[in-house]
2 protein chains.
Amino acid sequence: MANQTTSGSHRAAPVHTDPDEVSLLTALSALADSVRLQLIRELAGSPDWTRSCGSFDVPVGKAALSHHFSVLRGAGLVEQRDEGPKRVNRLRREEFDVRFPGLLDLILRADDPE
Amino acid sequence: MANQTTSGSHRAAPVHTDPDEVSLLTALSALADSVRLQLIRELAGSPDWTRSCGSFDVPVGKAALSHHFSVLRGAGLVEQRDEGPKRVNRLRREEFDVRFPGLLDLILRADDPE
DNA sequence: GGCACTGTAAGATGCTCATCGAACACTCGG
DNA sequence: CCGAGTGTTCGATGAGCATCTTACAGTGCC
């Protein structure tokens with residue numbers, strides 16, 4: 001079989017959406033959730049491809065977690081790749097920033113009034 | 001009666017929230033709605049204090065419309081003032097931009113892929 | 001004062017979505 | 001080949017929210 005970039009996996013590849021095809025409403029809806037914000041921030045604090053889905057400290061079960069990553073993929077925010085039994089993540093900084101300039105920076109910088 | 005800045009109104013003044021007190025999640029949630037996006041865009045295209053609530057071309061009844069404006073006020077996006085029987089609006093561009101730099105510009109510029 | 005106009009408040013409804021539990025699929029190491 | 005670890009899918013559940021209808025409260029004009 002064609003040797004894939006990652007390392008041959010026989011699993012169903014995760015479905016990605018290019019940021020260019022994402023509507024503003026979709027992007028905002030994806031970001032308007034505390035769990036997903038937390039995921040993005042935590043992901044931003046780690047090097048690319050170093051964090052598996054289960055390695056995030058969020059207060060939801062793994063089913064919900066899987067759902068959230070699906071939403072983030074659909075919004076062009078996260079890219080995933082299978083690495084052995086794990087699915088590792090990468091924040092699509094540049095690409096997303098081209099589509100929605102400044103939005104990601106805003107999310108990562110914002111200090112909330114609490 | 002005390003002549004107010006606007007012009008004396010005996011009505012309950014609309015409750016506003018300062019953008020500084022708005023959390024990122026609140027702002028994003030307020031923006032993650034097609035009707036409210038439409039309101040903001042239409043409002044941005046008109047001079048301040050020239051648009052009454054009922055003057056917007058959105059596909060909802062006036063009760064829902066009133067609700068949406070309430071959400072926008074709570075997110076520090078819109079300021080309202082009573083002018084006679086009407087309630088006129090103003091987009092809080094500068095103030096909101098200080099709290100969330102670039103966000104409003106992003107919303108107003110974004111061309112959706114359709 | 002009465003009436004049209006404008007917007008809010010309250011209650012009901014329906015839909016979307018975040019969540020969970022359980023079952024399943026895949027990978028890797030013994 | 002089994003078993004532990006990882007993640008997805010499915011069905012169900014519950015909460016939140018956008019919406020509507022109806023009723024109500026101001027405002028201004030005749």
Side-chain angles (χ1 to χ4, degrees), chain A residues 1 4 6-16 25-40 43 49-75 78-90, chain B residues 1 3-4 6-16 25-26 28-40 43 49-75 78-90:
Chain A
M1 325 280 137
Q4 291 173 224
T6 309
S7 78
S9 165
H10 297 172
R11 211 185 324 187
V15 180
H16 288 106
L25 190 57
T26 300
L28 292 175
S29 300
L31 293 171
D33 179 283
S34 62
V35 173
R36 290 194 286 266
L37 277 185
Q38 202 173 329
L39 289 176
I40 290 176
L43 189 54
W49 310 121
T50 61
R51 302 294 302 268
S52 69
C53 294
S55 73
F56 291 84
D57 187 28
V58 285
V60 296
K62 52 181 190 169
L65 191 56
S66 181
H67 164 67
H68 284 304
F69 274 109
S70 166
V71 173
L72 291 176
R73 283 199 313 267
V78 164
E79 187 179 2
Q80 295 186 315
R81 174 208 294 175
D82 286 339
E83 213 162 82
K86 308 194 170 179
R87 183 159 281 190
V88 291
N89 299 276
R90 172 194 153 246
Chain B
M1 347 244 130
N3 198 353
Q4 294 172 221
T6 309
S7 82
S9 167
H10 297 173
R11 209 180 330 180
V15 180
H16 288 105
L25 190 57
T26 300
L28 291 174
S29 300
L31 293 171
D33 180 283
S34 62
V35 173
R36 290 194 287 266
L37 276 185
Q38 202 172 331
L39 290 175
I40 291 177
L43 189 54
W49 310 121
T50 60
R51 302 295 302 267
S52 69
C53 294
S55 73
F56 292 84
D57 185 28
V58 285
V60 295
K62 53 179 189 171
L65 192 56
S66 181
H67 163 67
H68 284 303
F69 274 109
S70 168
V71 173
L72 291 176
R73 284 199 313 269
V78 164
E79 188 179 3
Q80 295 186 314
R81 175 207 295 173
D82 286 341
E83 212 162 82
K86 308 195 173 181
R87 183 160 282 192
V88 291
N89 299 275
R90 171 194 154 247

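The analysis underlying the following values was restricted to heavy atoms, covering all of them including side chains, and did not include hydrogens, waters or symmetry mates. A, B, ... follow the sequence lines: proteins, then strands. Residue 1 opens every chain.
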Within this structure, what is the CD-to-C1' distance between B/Glu83 and C/dG7, rounded to whole angstrom?
-> 15 Å

Rounding to a whole Å, what distance do you find between A/Asn89:CG and D/dT6:P?
-> 14 Å

Output the distance between atom CG (B/Leu31) and atom CD1 (B/Ile40), rounded to the nearest 0.5 Å.
-> 5.0 Å

Over how many whole Å does the gap from A/Leu39 atom CG to C/dA18 atom P extend?
-> 12 Å

What residues form a side-chain hydrogen bond (donor to acceptor under 3.5 Å, both in side chains) with B/Ser29, not counting sequence neighbours?
-> none

For A/Gly84, does its backbone N or O pair with a side-chain atom of A/Arg11 as donor and acceptor, under 3.5 Å?
-> yes

Terminal axes of the helix from C/dG1-D/dC30 to C/dG30-D/dC1 (five pairs each): angle between them, nearest 10 degrees = 20°

At their closest point, which heavy atom of B/Asp82 faces which heavy atom of B/Pro14, and how far apart are they?
-> OD2-CD, 4.5 Å

Between CG of B/Leu25 and C1' of D/dG16 the distance, given in whole Å, is 13 Å

side-chain contact (heavy atoms from CB on, under 4.5 Å) filter on A/Ser34, not counting sequence neighbours, yields B/Leu25

Listed once per pair and sorted, the salt bridge (charged side-chain N to carboxylate O under 4.0 Å, His left out) pairs that draw on residues 50-74 of chain B, sequence neighbours left out | B/Glu42-B/Arg51

What protein N or O atoms touch nucleotides 7-11 of chain D N or O atoms at under 3.5 angstrom, if any, and at what distances?
from	atom 1	to	atom 2	distance (Å)
D/dG7	OP1	A/Cys53	N	3.0
D/dG7	OP1	A/Arg87	N	3.4
D/dG7	OP2	A/Gly54	N	2.9
D/dG7	N7	A/Lys62	NZ	3.0
D/dG7	O6	A/Lys62	NZ	3.0
D/dT8	OP1	A/Arg87	NH1	3.0
D/dT8	OP2	A/Ser66	OG	2.6
D/dT8	O5'	A/Ser66	OG	3.1

List for me each residue that meets side-chain contact (heavy atoms from CB on, under 4.5 Å) alongside A/Val71, sequence neighbours excluded, and say none if there are none.
-> A/Ala30, A/Arg36, A/His67

Note: A/Arg81-A/Glu83 ion pair, threshold 4.0 Å (strictly below) = yes

